[in-house]
*Asks:* 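Below you'll find the structure I mean.
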Amino acid sequence: MIDVQDLSVSFGSGASAKQVVKGVSFSVTKGETLGIVGESGCGKSTVLRSLAGLDRHWTGTINLDGTDVDKDRTREQMLLTQMVFQDPYGSIHPRHRISRVLAEPIRAMDRGKGWDKVAAALEQVGLPAAFADRFPHQLSGGQRQRVAIARALMLEPEIILLDEPTSALDVSVQAEVLNLLADLKEARQLTYVLVSHDLSVIAHMCDRVLVMKSGVFVDELTKEDLYEGRTHHDYSRMLFEASAL
Ligand SMILES: Nc1ncnc2c1ncn2[C@@H]1O[C@H](COP(=O)(O)OP(=O)(O)O)[C@@H](O)[C@H]1O
Ligand SMILES: [Mg+2]
């Protein structure tokens, strides 16, 4: 579903140019959840933003569902991926009712007004249909992130890119949101790339994990490796020990 070859991302130009992602290659099969873990600033979000088509500073090859995508995505290519961000406060328009937040992607793609799809969208993320009339500030952080997830699903993408989807939430609701994501993946045969600095989140969700450090992947861990605490690189060992899994 995803094949990335030699992806590099640099910001700035000339002497001040900074290479943030340094020639990484990886692939993700349909229905798989790939984790990317690593310290803040190592380049995780930059990889996701390149995959999502939100960032144009990349070189290399990105193939999504059999198509090499360009820096400027066609409408069809845009529909393949959706991203869920860490901060549901920032990613949802504060003055739009939830119904409008959810209908927006449908409208933006000229697929109708979208109002008819709002109730079902709320239901599938475990929220009452009556929430359609609320404003974001009338929802809890976990409820808002459910709305962000529902919005990401409106156009029925194959691939969901999850950037620290539970990091801004209270610990008590993190597991609920992760379980929702796991259920939705199962029901819709979605492919996930899940970025987190939290190894316990990654271990709970992922089939396979890439460990990122300073713009490169230094280790790859299977689910079995995660369960058994097996690493192949000093850096991942250190992450494991720090997270006390
Ligand atoms: N648009 C940008 N312009 C300049 N530097 C950026 C930009 N986006 C990210 N960076 C830099 O790239 C590095 C990696 O950032 P990021 O991918 O957000 O890391 P992570 O998600 O792993 O915390 C950081 O040093 C960050 O400051
Ligand atoms: Mg990030």
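Order of appearance sets the numbers: ligands from 1, and atoms from 1 within every ligand. Values below: all heavy atoms of this structure, side chains included; hydrogens, waters and symmetry mates excluded.
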*Asks:* What protein heavy atom lies closest to atom 9 (C) of ligand 1? Include the residue and the distance to one decimal.
*Replies:* Phe11 CE1, 3.6 Å
*Asks:* To the nearest 0.5 Å, tell me how far Asp198 CG sits from Glu164 CD.
*Replies:* 8.0 Å
*Asks:* Give the numbers and elements of all ligand 1 atoms closer than 4.0 Å to a heavy atom of Ser40.
*Replies:*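 Taking each heavy atom of Ser40 in turn, ligand 1 has 23 (O) under 4.0 Å.
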*Asks:* Just wondering, do Val24 and Leu210 contact through their side chains at under 4.5 Å, heavy atoms?
*Replies:* no
*Asks:* With a 4.0 Å cut-off on heavy atoms, is Arg49 in contact with ligand 1?
*Replies:* no
*Asks:* Which heavy atom of the protein is the closest neighbour of atom 24 (C) of ligand 1, given with residue, atom name and distance?
*Replies:*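 Heavy-atom neighbour on the protein nearest atom 24 (C) of ligand 1: Gly41 O, 3.9 Å.
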*Asks:* Would you confirm whether Arg73, through its side chain, and Met78, through its main-chain N or O, come within 3.5 Å as a donor-acceptor pair?
*Replies:*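 Looks like no, no N/O pair under 3.5 Å.
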*Asks:* What residue and heavy atom of the protein are closest to atom 25 (O) of ligand 1, and at what distance?
*Replies:* Lys18 NZ, 2.8 Å
*Asks:* Is the backbone N or O of Ser50 less than 3.5 Å from a side-chain atom of Lys71, with the two atoms forming a donor-acceptor pair by type?
*Replies:*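 Such a contact is absent between Lys71 side chain and Ser50 backbone.
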*Asks:* For the side chain of Thr191 and the backbone of Gly31, is there at least one donor-acceptor N/O pair under 3.5 Å apart?
*Replies:*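 Pair found, side chain donor or acceptor close to backbone of Gly31.
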*Asks:* Any heavy atom of Gly38 closer to ligand 1 than 4.0 angstrom?
*Replies:*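 Gly38 does not count as a contact of ligand 1 under the 4.0 Å cut-off.
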*Asks:* Search all heavy atoms of Ala129 against all heavy atoms of Ala119 and return the closest pair with its distance.
*Replies:* CB-CB, 4.2 Å
*Asks:* Measuring to the Mg ion (ligand 2), does Thr46 have an N/O/S atom at a distance below 2.8 Å?
*Replies:* no
*Asks:* Measure Thr46 to ligand 1 on non-hydrogen atoms and call it side chain, backbone, both or neither using the 4.0 Å cut-off.
*Replies:* both
*Asks:* Are any of the N/O atoms in Cys42 less than 3.5 Å from those in ligand 1?
*Replies:*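 In this structure, Cys42 places an N or O atom under 3.5 Å from an N or O of ligand 1.
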*Asks:* With heavy-atom distances below 4.5 Å as the criterion, would you say the side chains of Tyr227 and Glu224 are in contact?
*Replies:* no
*Asks:* Nearest to atom 18 (O) of ligand 1, what protein heavy atom do you find, and at what distance?
*Replies:*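 Among all protein heavy atoms, the one nearest atom 18 (O) of ligand 1 is Ser45 CB, 3.6 Å.
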*Asks:* Tell me yes or no: between the side chains of Thr166 and Gln145, is some donor less than 3.5 Å from an acceptor?
*Replies:*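 Short answer, no.
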*Asks:* Of the protein's non-hydrogen atoms, which lies at the shortest distance from atom 13 (C) of ligand 1, and what is that distance?
*Replies:* Val20 CG1, 3.5 Å
*Asks:* For atom 19 (O) of ligand 1, which candidate among Gly43, Ser16, Ser196 provides the closest heavy atom?
*Replies:*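 Going through Gly43, Ser16, Ser196 one by one, Gly43 has the nearest heavy atom to atom 19 (O) of ligand 1.
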